[in-house]
Amino acid sequence: MAAELTAHELIARHSPTLDQALEAIRTRAYWSPHPEHPKAYGENGSLDMAAGKAAFDALHGTRIDLGQPGTDGWVEGETSPYGIETGVSYPHADLDELLPAMKAGMRAWRDAGAETRAVVCLEILKRISDRTMEFAQAVMHTSGQAFMMAFQAGGPHAQDRGMEAVAYAYVEQIRTPDTAEWTKPQGKRDPLALTKQFVPVPRGVALVIGCNTFPTWNGYPGLFASLATGNAVLVKPHPRAVLPLALTVQVARQVLTEAGFDANLVALAAERPGEGIAKTLATRPEIRVIDYTGSTEFGDWLESNARQAQVYTEKAGVNTVIVESTDDYKGMLANLAFSLSLYSGQMCTTPQNLLIPRDGITTDQGPKSFDEVAADLAKAVDGLLGDDARANALLGAIVNPDVKARLEAAAGLGEVALASREITHPEFPGAVVRTPVIVKLDGAKPDAEAAYMSECFGPVSFAVAVDSAGDAAELLRRTIREKGAMTVGAYTTSPEVEETVREVCLEEAAQLSLNLTGGVYVNQTAAFSDFHGSGGNPAANSALCDGAFVANRFRVVEVRREA
């Protein structure tokens, strides 16, 4: 079949956007081509939201047939955290047939060159962006995010991260010229002359192992980084969050076909209940790149056992905020309350440990004792979530029973400063919605240490009493070194304390946010500007997104000829 989209057409269509993305990662200034307000999606945002909901509803009970080779059955089983059954089924793959088919299209994709690959990827992202409202529903009903967060994080912010990966991939591939004329003088003899060709060569088939909480936001960087560098990409979604990535694969296959490439460069590997195919896939010789977001245990296993592949992991850590002093006590409490509440704390960047000197802190409202800080933070969370409609819009739903169990057990770990309460969702009575719990712990007690030095994923945070700011910094250092951290926050008016915390984060490679009191929160990062993770501590071995995230997905092979 002839290509419906020529490389020339795609380059003309998307080169301006690619140029802007390249400038954004160079300057680190704010930029996004994907609007984060629903009204930007058409003349009437509410109608677009309705159309997106209708498109999502139309998927219920259907079979998403991707036309993949090796389909040997169909799988389903997703249940929305909001309590509805979608009944969508997906192709189950015979890997011995699918993987060879994926490799077959790689030669033409490799030979197309970095620019063509980049603009094809941008066309895929554009098609996804056009269906943002539908994707938002899919993310909402697989992750449990509230709609606005599912729309923003699962839509424009995820698309930004995918485009950021394409931009970095393009930069790294064109760092070396395509050809060079090499001449070496030989004195009185004729010079030595060679023509050299340099070809970016993909590693092979890449595997994306998706997560339950942020299927697109965490899935797109690896998917587009691998595809843009010439690799075929097999997407293995989390069993409870298949739909957003299945729709992504569907769009990618359509665009690849229209652009004259093999659709099997992108494929889906859905699994039957309890099948657990991630380990099988991760150790197959065809798999040469792996992207994974999820538990530390499985991330460590991948790093140790998938030896044939380049493995990129985002695992888990214990995120910490030091509260030493502030000149905006009200703003600090409001900022922390939002950070602890957003998506019920089900973010890898949500703060868990709040390290507070046991003798209290200084503020613009006078001295505050440790107990006062904990109580005032509890009041701030209560105030933020006091209205059930607002609470549902911020909290979303608890994504799985394990999070609910951890939340319920946390109250027994220490003195409760803020008890969790149950909230009924007016539209989805089957949703499990809970407000956060804050537990006070004495950092000097061994039994308390067992709690705060372990990740407690979900709406659970600990107010930990420490002897001094210096002790807080040393505990921060130990926490990052032993457990890892995706984020660190600190509140201080002391230049000395700020420098101490900064030095700890530089030495232990943890991303630091200082004195956030406005509309930017420690658990949010912006593509093209912020790095998500550092790759330098146990929480993740890579960062989203930098040159290191893309450069080892391909190698440069040289061909020399006599000139």
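Predicted model, so just to flag it, every value in this text is computed and none were measured. In this chain, residues are counted from 1 in sequence order.
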**Q** Using modelled atom types only, decide if a donor and an acceptor are shared between the side chain of Glu36 and the backbone of Gln152 within a distance under 3.5 Å.
**A** no
**Q** Can Arg161 and Asp530 be counted as an ion pair, charged N to O under 4.0 angstrom?
**A** no
**Q** Do the side chain of Ser226 and the main chain of Ala206 share a donor and acceptor less than 3.5 angstrom apart?
**A**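 No, the answer is negative, given that no donor and acceptor are paired below the 3.5 Å cut-off.
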**Q** Using atom types as modelled and distance alone, determine if a side-chain donor or acceptor of Asn231 lies under 3.5 Å from a backbone N or O of Arg203.
**A**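 Between the backbone of Arg203 and the side chain of Asn231 there is a qualifying donor-acceptor contact (under 3.5 Å).
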**Q** Taking all atoms of both residues into account, what is the closest heavy-atom pair of Thr142 and Val399, and its distance?
**A**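 For Thr142 and Val399, the tightest heavy-atom pair comes out as O-CG2, 4.3 Å.
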**Q** Identify the residue among Tyr168, Phe224, Tyr312 that makes a ring-ring contact (aromatic ring centres under 6.0 Å, His included) with Phe549.
**A** Tyr312
**Q** Are Glu78 and Arg240 within salt-bridge range, i.e. N to O under 4.0 Å?
**A**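 Result for this pair is no, no salt bridge flagged.
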**Q** Lys315 and salt bridge (Lys or Arg N to Asp or Glu O under 4.0 Å): which partner among Glu297, Glu455, Glu303?
**A** Glu303
**Q** Between Thr116 and Leu10, does the side-chain contact (heavy atoms from CB on, under 4.5 Å) criterion hold? Intermediate values first, please.
**A** CA-CA 8 Å; Thr116 296; Leu10 289 172; 5.9 Å; no
**Q** Kindly state whether the ring of Tyr220 and the ring of Phe214 have centres lying under 6.0 angstrom apart.
**A**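 No.
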**Q** Just checking, Arg28 and Phe531: is the charged tip under 6.0 Å from the six-membered ring centre and within 45° of the axis?
**A**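 The answer is yes; both the distance and angle limits are met.
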**Q** Would you call Lys53-Asp57 a salt bridge at under 4.0 Å N-O?
**A**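 A salt bridge is present here (some side-chain N lies under 4.0 Å from a carboxylate O).
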**Q** Would you call Val433 and Thr424 a side-chain contact if the rule is heavy atoms closer than 4.5 Å?
**A** no
**Q** Is a side-chain donor-acceptor pair under 3.5 Å present for Arg284 with Gln308?
**A** no
**Q** Just by distance, do the side chain of Asn400 and the backbone of Val403 share a donor-acceptor pair under 3.5 Å?
**A**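 Between the backbone of Val403 and the side chain of Asn400 there is a qualifying donor-acceptor contact (under 3.5 Å).
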**Q** Indicate the atoms forming the closest heavy-atom contact of Leu227 with Leu265, along with that distance.
**A** CD1-O, 4.3 Å
**Q** Determine, step by step, whether Gln68 and Asn264 satisfy the side chain to side chain donor-acceptor pair (under 3.5 Å) criterion, reporting the C-alpha distance in whole Å, the side-chain angles of both residues, the deciding distance to 0.1 Å, and the verdict.
**A** CA-CA 7 Å; Gln68 296 181 173; Asn264 296 320; over 6 Å; no
**Q** Has the side chain of Thr349 got a donor or acceptor atom that lies under 3.5 Å from a matching backbone atom of Thr487?
**A** no
**Q** Is there a side chain to side chain donor-acceptor pair (under 3.5 Å) between Ser339 and Gln524 once you walk through the steps?
**A** CA-CA 9 Å; Ser339 295; Gln524 296 175 315; over 6 Å; no
**Q** Quick check on the 6.0 Å ring-centre criterion: do His141 and Phe428 meet it?
**A**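 They qualify: ring centres under 6.0 Å apart.
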**Q** So, Glu123 side chain and Val120 main chain: donor-acceptor pair closer than 3.5 Å or not?
**A** no
**Q** Is a side-chain donor or acceptor of Glu275 paired with a backbone partner of Glu271 at a separation under 3.5 angstrom?
**A**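 No, the answer is negative, given that no donor and acceptor are paired below the 3.5 Å cut-off.
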**Q** For Gln346 and Ala397, indicate whether the former's side chain and the latter's backbone hold a donor-acceptor pair under 3.5 Å.
**A**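 Yes: the side chain of Gln346 pairs with the backbone of Ala397.
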**Q** Using only atom types and a distance under 3.5 Å, with no angle test, would you say the side chain of Tyr82 pairs donor to acceptor with the backbone of Gly144?
**A** yes
**Q** Quick one: does Thr283's side chain have a donor or acceptor within less than 3.5 Å of a partner on Lys279's backbone?
**A** yes
**Q** With a 4.0 Å cut-off, would you call Asp291 and Arg553 a salt bridge?
**A**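 Yes.
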